[in-house]
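Throughout, protein chains are lettered first and strands after them, A, B, ... in sequence-line order, and every chain is numbered starting at 1. On a predicted model such as this, the values are computed, not experimentally measured, just so you know.
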Amino acid sequence: MTHTPDSDADLALDASEEQRLSEALQSAWSPRSIDPARHERLLNAALEDPFAPASPEELLESERFRQALEGQGEHADLALARALASAHAPAPVPEAAWLRASRSPDATAKRSNVRFVQFGALGAALSAAAAVLLLLSHQSAPLASAPAPDLATLAQSRSTVALFQEAPVASASSRIDRIASARSRELRDNQYALWGVR
Amino acid sequence: MESERCAPADAGTPVDAVLLAFLSRARAAHHLADERESVRDTAGAIASLSELVSGPLPHTSHGELAPEVREVLADSLARLADLQSQQAAFEPALASIQRGLGYATDPNYFRGHLLETEGLVEERRAHALETKDPTGAQAAKQRAIALLEEAMTVQAGVIKGATPLAASAAIPAASAAPH
């Protein structure tokens, strides 16, 4: 997916490509519901038994995917996961990259794989933006360009007293149950944020 | 449900797997203690909690313990002290309390609970000394009264400092159980 344009003309998309990309972004941002019958047909086509327990191969594949999300190894679906996450919750464009791209497209093109896409008639969600800057991942280092989460937005370690203000508990066991459950949820949220998929 | 507190003492690091490992270990230790208490195996329950409080602790990059770790240790040491005093091991019980107070330095529920438990330990010691050492029993009783009054003062401050909703519910079952 990397591309290094040499001129303004090279930055433009043809109408059909623009339309295809616009629809893809809109679908990622605000997906339409799917017809239940079609959904079932898709599941049947893709899976022999959609409700069967995961096979050893599926477990292995999911573990590979998890590791890839953490930056260990590669996975064929990683770029798609990043693209969907970025379309749904785009990270702020680094100021330096924005300035480089907006002031000197040619210079930018020589140093990075930044690309502007001008949209005509987009849906309400996308029409607010005059342009969308896509930072395309380099395939050999997919996580290098993933948006780094702001650590301040992660759940922080803190006093547990507030966990008991609305619903007191009588025993030490019940208190540690509540503390461990609450922090376990927060760890999961933090992990997804670090993976860049939430 | 949980409202955020932003006091400097609460400033932490992101919740991570190491913190969760400690909380998981603590949870397991307390449930083991529950099981052993349910069959009147007080020594076994003491062993479970002793293993927790003497085991590995997760430190932050600044070499400190996270607020959750300090509070869970304080709560665990209060329960341990209660169990130790049930076996008339009063000095180990008071040592557990003192260690717990070192973790619970803020005037919060956990500190109040430790003071309350220390008062109960002194009360038990007073009963144990009544016949063979009446003077020692009287001194232990006086310490118990002072500690229980101090616990009430701390918990009153906790209740007053809470939101109106929290105040009506009181903070974690302050006196319902010594553990």
Rounded to the nearest 0.5 angstrom, the CG-CD distance for B:Leu19 and A:Glu186 is 9.5 Å
_According to a hydrophobic-cluster definition based on side-chain heavy atoms being under 4.5 Å apart (Ile, Leu, Val, Met, Phe, Trp, Tyr only), do B:Phe90 and B:Leu101 belong together?_
no
- Message: Could you check whether atom CD of B:Glu130 has more than 12 heavy atoms from other residues, nucleotides or ligands sitting under 6.0 Å from it?
- Response: yes
Would you say that A:Leu154 contacts B:Val15 through its side chain, given a criterion of any heavy-atom pair below 4.5 Å between the two side chains? no
Where do A:Ser157 and B:Glu68 land on the side chain to side chain donor-acceptor pair (under 3.5 Å) test, with the steps shown first? CA-CA 7 Å; A:Ser157 171; B:Glu68 293 94 332; 2.5 Å; yes
Closest non-hydrogen contact found for B:Pro67 with A:Ser159 is CB-N, 3.5 Å
query: Same hydrophobic cluster for B:Val18 and B:Leu23, using side-chain heavy-atom links shorter than 4.5 Å among ILVMFWY?
result: no
Going by heavy atoms in the side chains, are B:His113 and A:Arg175 under 4.5 Å from each other?
yes
If two hydrophobic side chains count as joined below 4.5 Å and joins carry through other members, does B:Leu129 share a cluster with B:Val121? no
Between B:Asp34 and A:Ser173, the two heavy atoms sitting closest are OD2-OG, 2.5 Å
* To do: For side chain to side chain donor-acceptor pair (under 3.5 Å), just list the numbers for A:Thr160 and B:Glu71, CA-CA rounded to whole Å, side-chain angles, deciding distance to a tenth of an Å, and then say yes or no.
  => CA-CA 7 Å; A:Thr160 63; B:Glu71 290 170 355; 2.6 Å; yes
| query | Are B:Leu20 and B:Leu52 connected in a single hydrophobic cluster, I mean Ile/Leu/Val/Met/Phe/Trp/Tyr linked by side-chain heavy atoms less than 4.5 Å apart? | reply | yes
Nearest heavy-atom approach of A:Leu187 to B:Ala17 is CD1-N, 3.6 Å
Side chain proximity check, B:Val72 to A:Ile179, heavy atoms < 4.5 angstrom: yes
Next item on the list: Answer with yes or no whether the hydrophobic clustering places B:Leu32 together with B:Val53; edges join I, L, V, M, F, W, Y residues whose side-chain heavy atoms lie under 4.5 Å apart.
Entry: no
Note to self: Using side-chain heavy atoms (C-beta onward) and a distance below 4.5 Å, is A:Asn190 in contact with B:Asp16?
What the structure shows: no
* Chi angles and distances behind the side chain to side chain donor-acceptor pair (under 3.5 Å) call for A:Asp177, B:His30 -> CA-CA 9 Å; A:Asp177 283 348; B:His30 277 278; over 6 Å; no
